[in-house]
Amino acid sequence: MEALAGAAASSALLPAFPAHQPHSRVALRARPCGPIRAAGGGGGKDDAAKPNGTPVVKSKVDPSQNGALGPVATDKSRTTSSTNSTPDSSGSRAGLFRTPISGGVQSATFAHGLPPPALAVRNLMEQARFAHLCTVMSGMHHRRAGYPFGSLVDFANDSMGHPIFSLSPLAIHTRNLLSDPRCTLVVQVPGWSGLSNARVTIFGDVYPLSAEQQEWAHKQYVAKHQQWASQQWGNFYYYRMQNISDIYFIGGFGTVAWVDVKQYETIQPDKIAVDGGEQSLKELNAIFSKPLREFMSAEGEVDDAALISVDSKGIDIRVRQGAQFNIQRLAFDVPYKVETLEEAKRALHKIIKTSSK
């Protein structure tokens, strides 16, 4: 009820939009990663927690390689840590695992302290600045009518997580939307390096905003893209995805789910994902990239480690070993939600200090 009340308050700040009824489909999902407890449930190897309490790092695994994702269920046997955990058979030190997680979305989210799927998508939409917009090719181009047309665009979000676009009337995707508003937006986590990275596909209908709403939309763009948005040239016009009909999220760590649209619209993103964004990641990397690389090298020589995402529960790290990249999750070992850059620094300092003992 509090989330719904918050959404009602935030939506009151929005301009009046045309009423377009979404074809919402309800589904559930989340993305697993590794704090100190292991994922329970069906058929996958149990992860072992390090006995001295060292924070646990979890490697993301391409969901297509995960033999069988369990059903989305609340079976208690799947939402608790295994009491018979065994070390990774590869001989890895305890705390660094690469075993695919099974047991379903809810189990993985519970066991690994991850943001729920709707929140993970809201965080991703705040942190990403560019996306692939896929429209339906219109007949006015005299070729390939009806085929999907993909293009790279920048975007911002309103308080409900609906994407806003600045589009030129000369662009093919703009003409396509004016002919048929149906489209999908594919958003990838910044620092994309492969199929183990998080991404989301948002289905919806995009319409031009009225003349009265253009200034409001421009402010959303400036807030996200800073001075870059104010330097756009020509007769660009702002559009908004008025209806979100479905959301399909792949979160890495074996996590795949359809997200409830209403839940996505009402939940608020993590404060640390909204504030600072790219600049916060740059500052964290300047301080912690080298210590994290040394921390990861205890498992095997690591050539590079870079933070690519941060939320209230932990960080995602892109690790390079030679020509091979993988994404690892490091959970904050603090009893509160991390909301500010300074809190994130303190939490990471604690992890580095603990691991050096």
Side-chain angles (χ1 to χ4, degrees), residues 17-18 20-31 62-64 105 117-141 143-158 160-169 171-190 192 194-209 217 220-221 224 236-252 255-265 267 269:
F17 295 113
H20 302 285
Q21 295 301 322
H23 314 290
S24 178
R25 224 169 86 175
V26 177
L28 207 44
R29 174 304 332 222
R31 94 182 209 206
D62 183 356
S64 64
V105 169
L119 178 56
V121 175
R122 285 299 301 267
N123 288 342
L124 175 55
M125 293 293 288
E126 292 294 335
Q127 293 176 331
R129 297 197 303 157
F130 301 94
H132 290 91
L133 179 66
C134 301
T135 56
V136 180
M137 200 72 166
S138 71
M140 71 175 65
H141 306 293
R143 63 196 305 158
R144 307 305 178 199
Y147 276 73
F149 177 79
S151 52
L152 186 64
V153 297
D154 59 336
F155 71 97
N157 308 294
D158 64 17
M160 295 176 66
H162 286 235
I164 301 169
F165 308 96
S166 178
L167 305 178
S168 166
I172 291 179
H173 51 240
T174 306
R175 297 180 181 184
N176 291 344
L177 290 171
L178 291 174
S179 175
D180 186 340
R182 294 177 301 167
C183 65
T184 60
L185 187 70
V186 181
V187 185
Q188 303 166 344
V189 67
W192 172 271
L195 293 178
S196 61
N197 291 176
R199 65 269 196 191
V200 63
T201 302
I202 298 183
F203 299 74
D205 305 295
V206 172
Y207 296 89
L209 291 171
Q220 313 308 307
Y221 248 74
K224 184 164 189 174
F236 279 74
Y237 205 73
Y238 288 103
Y239 290 64
R240 177 180 184 262
M241 186 176 283
Q242 305 286 28
N243 302 327
I244 295 179
S245 53
D246 230 331
I247 302 172
Y248 182 66
F249 179 54
I250 300 177
T255 304
V256 179
W258 293 94
V259 175
D260 178 15
V261 174
K262 293 300 182 184
Q263 186 180 10
Y264 168 82
E265 291 176 330
I267 199 169

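Along the sequence shown, the residues carry numbers beginning at 1. Keep in mind the model is a prediction, meaning the values are calculated, not measured.
Qualifying side chain to side chain donor-acceptor pair (under 3.5 Å) partners for Ser151, counting only residues two or more places apart in sequence or in other chains: His173. Residues meeting the salt bridge (Lys or Arg N to Asp or Glu O under 4.0 Å) test with Arg182, sequence neighbours left out: Asp180. When the side-chain contact (heavy atoms from CB on, under 4.5 Å) test is applied to Glu126, the partners found at least two apart in sequence or on another chain are Arg122, Asn157, Pro269, Val274. Contacts of Thr184 classified as side-chain contact (heavy atoms from CB on, under 4.5 Å), with partners at least two apart in sequence or in another chain: Cys134, Thr201, Phe203.
Within the 4.5 Å cutoff, side-chain heavy atoms of Arg199 are placed close to those of Ile250. Annotation: side chain of Leu185 is not in contact with side chain of Val206 (no heavy-atom distance under 4.5 Å). The shortest side-chain heavy-atom distance between Pro208 and Thr174 does not fall under the 4.5 Å cut-off. Taking 4.5 Å as the limit, every side-chain heavy atom of Met241 sits out of range of all side-chain heavy atoms of Asp205. The closest side-chain heavy-atom distance from Met125 to Phe155 is below 4.5 Å. Residues Phe149 and Leu133 form no side-chain contact, since every pair of their non-hydrogen atoms from C-beta on lies 4.5 Å or further apart.
Going from atom CG of Leu167 over to atom CG of Asn176 covers 11.0 Å, rounded to the nearest 0.5 Å. The distance from atom CG of Leu209 to atom OH of Tyr237, rounded to the nearest 0.5 Å, is 7.5 Å. In this structure, CD1 in Ile247 is found 9.5 Å from CD in Gln263, a value given to the nearest 0.5 Å. Separation of atoms CD (Gln127) and CD (Gln188) is listed at 14.0 Å; rounding is to 0.5 Å. With rounding to the nearest 0.5 angstrom, the CD1 atom of Ile267 is 4.5 Å from the CG atom of Leu119.
Summarising the geometry of Asp154 relative to Ser166, their closest heavy-atom pair is OD1-O, 4.5 Å, with the distance given to 0.1 Å. Val186 and Ala131 get closest at one heavy-atom pair: O-CB, 3.3 Å. Of all heavy-atom pairs spanning Pro163 and Ile244, the tightest one is CD-CD1, 4.4 Å. Nearest heavy atom pair, residue Arg175 against residue Ser138, reads O-OG, 4.3 Å. For the pair Gly139 and Ala145, the tightest heavy-atom approach, listed with the atom from each and the gap, is CA-CB, 4.0 Å.
A donor-acceptor contact shorter than 3.5 Å is absent between the side chain of Tyr264 and the backbone of Val259. Between the side chain of Asp158 and the backbone N or O of Met160 there is at least one donor-acceptor pair closer than 3.5 Å. Side-chain N or O atoms of Tyr248 include none that pairs as donor or acceptor with a backbone N or O of Val256 at under 3.5 Å.
Here the rule is ring-ring contact (aromatic ring centres under 6.0 Å, His included) with Tyr221, and of Phe236, Phe165, Tyr238 only Tyr238 fits it.
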